[in-house]
Asker: 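The following block contains the structure, expressed as structure tokens.
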Amino acid sequence: MNAQHQPTGSAYFMTAETARPETHTLSVLVDNEPGVLARVIGLFSGRGYNIESLTVSETEHEAHLSRITIVTTATPNVLEQIKSQLERIVPVHRVVDLTVRSAELGHDKPLERELALIKVAGSGENRVEALRLADAFRAQVIDANTEHFIFEITGRVSKIEQFISIMRPLGLVEICRTGIAAMNRGSQGM
Amino acid sequence: MAGKQMEMTGAEMVLQALKDNGVEHIFGYPGGAVLPIYDELHQQEDIEHILVRHEQGAGHMAEGYARSTGKPGVVLVTSGPGATNVVTALQDALMDSIPLVCLTGQVPTSLIGSDAFQECDTVGITRPCTKHNWLVKDVNQLSRIIHEAFRIATTGRPGPVVVDIPKDVQFATGIYTPPSPVIEQKSYQPKVSGDLDKIRAAIELMATAKRPIIYSGGGVINSGREASQLLRELVELTGFPITSTLMGLGAYPASGKNWMGMLGMHGTYEANMAMHDCDVMVCIGARFDDRITGRLDAFSPNSKKIHIDIDPSSINKIVRTDIGILGDVGHVLEDMVRLWRASKKTDHSQLADWWTRIAKWKARNSLAYPVNNDVIMPQYAIQRLYELTKDRDTFITTEVGQHQMWAAQFYGFEEPNRWMTSGGLGTMGYGFPAAIGVQVAHRDSLVIDIAGDASIQMCIQELSCAVQYELPVKIFILNNQYMGMVRQWQQLLHGNRLSHSYTESMPDFVKLAEAYGATGIRCDKPADLDDAITRMVETKGPVIFDCRVAALANCFPMIPSGKAHNDMLLPDEASDEAVANAIDAKGRALV
């Protein structure tokens with residue numbers, strides 16, 4: 001007997017989820033007012049949705065609008081729910097599923113970039129190697145002394161992940177990442 | 001005065017804003033952080049304040065007031081415990097889409113975050129249980145925010161809002177701006193009119209249906225009396241059978257010829273069977289709650305589904321719909337009625353076979369219960385209450401449990417806004433304060449809280465409030481000394497081990513009523529019941545009616561958990577053994 005066909009022995013009927021989860025990037029345009037971020041992330045935690053990456057900043061100062069970029073993984077039904085639930089939040093102006101939109105525009109996926117600061121300490125051969133690799137990855141040195149470097153690197157998430165894993169054996173001390181900023185290609189706005 | 005700016009204190013603004021938004025009654029409890037507002041209340045006569053005995057009561061009273069009038073209910077409480085006590089009512093209103101405006105006092109802005117006396121993070125605590133909330137830090141924003149609060153609470157899918165007002169903002173002087181017909185807010189713009197192409201598609205689908213059903217919900221009531229009228233017209237025009245959720249009772253009259261009774265876990269056999277076997281389902285202002293659908297993968301497997309809802313997140317949330325129409329039920333129904341009329345389709349003969357099948361299911365008489373001349377059966381008590389009060393101007397509220405389901409099954413509602421019950425949250429303690437709220441709005445009507453002996457004790461303190469304001473609410477307790485619904489589930493799921501569902505020490509409800517200055521009536525014989533109910537109805541003040549009913553009666557029919565609509569447990573099959581085996585060993589092992 002399939003697990004989902006068994007009575008659950010509770011006041012609730014529960015089914016096993018069979019649909020495949022997908023990762024989508026959402027852009028959410030909100031009024032920049034106190035508590036608005038808490039409303040958005042409270043919705044995710046309260047309803048059991050995932051947040052894989054989150055970035056927020058005021059983008060239109062005059063209109064007090066902030067743009068929140070959220071990367072989430074869920075089944076197609078839940079992704080539709082997330083969008084509808086976000087749209088219910090009073091200070092939310094617009095929610096665009098950039099992943100869906102980019103497919104509509106005929107693209108593979110939206111443009112996604114992340115910035116990371118990476119501190120590496122060491123000496124001798126490791127230090128030279130770190131600097132050489134940073135150059136290959138087009139990472140910039142933004143601080144250094146004889147014992148360390150801080151690199152600034154920008155790019156796709158995969159590039160940053162790769163750079164971090166390469167730095168790990170070379171004396172990685174500290175990482176700070178911004179989370180993903182995303183936008184679709186072409187002349188149209190969100 | 002309109003359009004002219006006026007200088008006043010924050011506390012004066014609160015009163016002015018309430019008046020400008022048409023408020024006549026508020027439910028509240030004073031405390032340190034709202035004293036400036038209470039001082040203003042004291043110096044005016046336009047708004048009547050009802051002093052509750054516990055802030056939860058204020059919240060439920062406002063809910064009853066709102067649900068029976070269609071107007072927003074208003075609550076005023078202090079900071080800290082005042083605010084936290086009202087949280088249950090806020091969540092209740094959120095789940096049942098009841099418009100509430102709750103004003104909370106807050107410690108002065110300079111003390112926020114310092115763990116001051118009676119401080120709590122009210123906007124943080126109430127964020128997930130309100131539609132929206134605000135902390136007002138600038139007195140010049142106060143009037144705009146209160147007007148916005150009323151707009152958000154009452155438009156779109158209605159719901160509760162909280163405006164948290166620090167004490168220094170109540171004292172501060174600023175500029176009052178009256179409500180403006182021009183809406184400044186850009187983000188929140190609920191859509192009321194449905195997409196006409198989709199409505200046309202729905203009408204076409206409905207016109208071809210051979211086994212249709214209308215499944216309506218609380219959204220019809222929330223949309224206003226017009227919506228209920230339009231629903232009745234649509235049923236008349238189409239000849240479709242109609243069932244309703246718990247929240248939607250009264251939108252279509254129980255005496256209507258197409259009425260099949262409530263659906264869902266304790267709905268009628270015919271309603272659930274028709275839901276399961278239909279070919280077109282028209283869901284109007286309901287949300288496919290888990291108490292309605294039963295087992296989801298077997299829910300109405302062969303039907304096309306039309307769903308009308310004002311909340312986009314309700315559509316496709318639980319059940320995938322074929323035609324989802326986003327809009328206010330009243331507006332969409334108006335279009336549907338107009339389009340159906342235009343199609344000039346008056347022949348209902350293609351539904352004849354369907355009605356024959358429904359008649360067979362109906363003949364199963366799924367609400368039957370054993371007649372007993374010695375002990376009052378709870379179902380009989382509700383039936384007699386209905387017969388003896390139906391010709392009056394009656395409003396019914398309930399608490400939560402078996403009595404609630406029996407009330408839904410056996411009390412016939414002919415009109416919307418006459419039935420107040422906690423559906424989504426299932427709040428024991430809701431019914432009595434809700435009844436007080438109804439009575440405040442309808443002083444001369446008969447308002448009855450159908451209660452259980454356990455639920456009534458959750459907000460019994462409000463009897464003091466009912467006596468103070470001479471609100472003649474009748475509490476009709478189906479007293480079986482058990483938390484009946486809990487016991488029923490223990491019998492079904494937990495081997496009849498009745499863990500803590502029996503109340504060994506029960507107050508003497510007659511003496512309790514007398515202690516509060518109300519009237520107590522007790523009845524334990526079926527033969528005495530009619531006279532006792534008549535006496536209750538004719539008593540001028542509040543009454544507690546202690547109706548001693550059969551202790552072990554259970555609520556049937558029932559869809560046991562994990563079962564589909566066509567797999568109901570009917571009363572005549574519900575032997576002790578059948579009840580014990582309704583959920584098999586595998587199911588129990590999973591608990």
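Each chain gets a letter, A, B and so on, in the order its sequence line appears, and its residues count up from 1. Keep in mind that the numbers below use all heavy atoms, side chains included, and drop hydrogens, waters and symmetry copies.
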Asker: A quick test of your reading: do over 12 heavy atoms of other residues, nucleotides or ligands sit less than 6.0 Å from CD of A/Gln188?
Answerer: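 12 or below, so no.
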
Asker: Can you find a pair of side-chain heavy atoms, one from B/Arg320 and one from A/Asn77, that are under 4.5 Å apart?
Answerer: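 With C-beta onward as the side chain, the pair touches.
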
Asker: Where does B/Asn133 contact chain A at under 4.5 Å (heavy atoms): side chain, backbone, both or neither?
Answerer: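 Both parts, backbone and side chain.
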
Asker: Counting only heavy atoms from other residues, nucleotides and ligands, does the tally under 6.0 Å from NZ of A/Lys159 exceed 12?
Answerer: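 Count over threshold, so yes.
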
Asker: So how far is it from A/His93 NE2 to B/Tyr188 OH, rounded to the nearest 0.5 Å?
Answerer: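 Spacing of NE2 (A/His93) from OH (B/Tyr188) equals 14.0 Å.
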
Asker: Closest heavy-atom contact between A/Ser84 and B/Pro312?
Answerer: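 That closest heavy-atom pairing would be OG-O, 3.9 Å.
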
Asker: Look at atom NZ of B/Lys186 and say whether more than 12 heavy atoms of other residues, nucleotides or ligands are closer to it than 6.0 Å.
Answerer: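 Count not over threshold, so no.
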
Asker: Tell me the closest heavy-atom pair linking B/Arg127 and A/Gly35, and the distance in Å.
Answerer: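 Closest approach of B/Arg127 to A/Gly35: NE-O, 4.1 Å.
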
Asker: With a 4.5 angstrom heavy-atom cut-off, is it the side chain or the backbone of B/Ile315 that approaches chain A, or both, or neither?
Answerer: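 For B/Ile315, the backbone is the part near chain A, not the side chain.
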
Asker: In terms of heavy-atom proximity below 4.5 Å to chain B, should A/Glu80 be classed as side chain, backbone, both, or neither?
Answerer: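 Side chain of A/Glu80 only, per the 4.5 Å heavy-atom cut-off to chain B.
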
Asker: Between atom CD of A/Gln85 and atom CG of B/Asp311, what is the distance when rounded to the nearest 0.5 Å?
Answerer: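 Result: 7.0 Å between the selected atoms.
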
Asker: Is there a donor-acceptor pair under 3.5 Å between the side chain of B/Ser187 and the backbone N or O of A/Val90?
Answerer: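 At least one qualifying donor-acceptor pair exists.
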
Asker: Of the backbone (N, CA, C, O) and the side chain (C-beta and beyond), which part of A/Arg39 lies under 4.5 Å from a heavy atom of chain B, both, or neither?
Answerer: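 Both backbone and side chain.
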
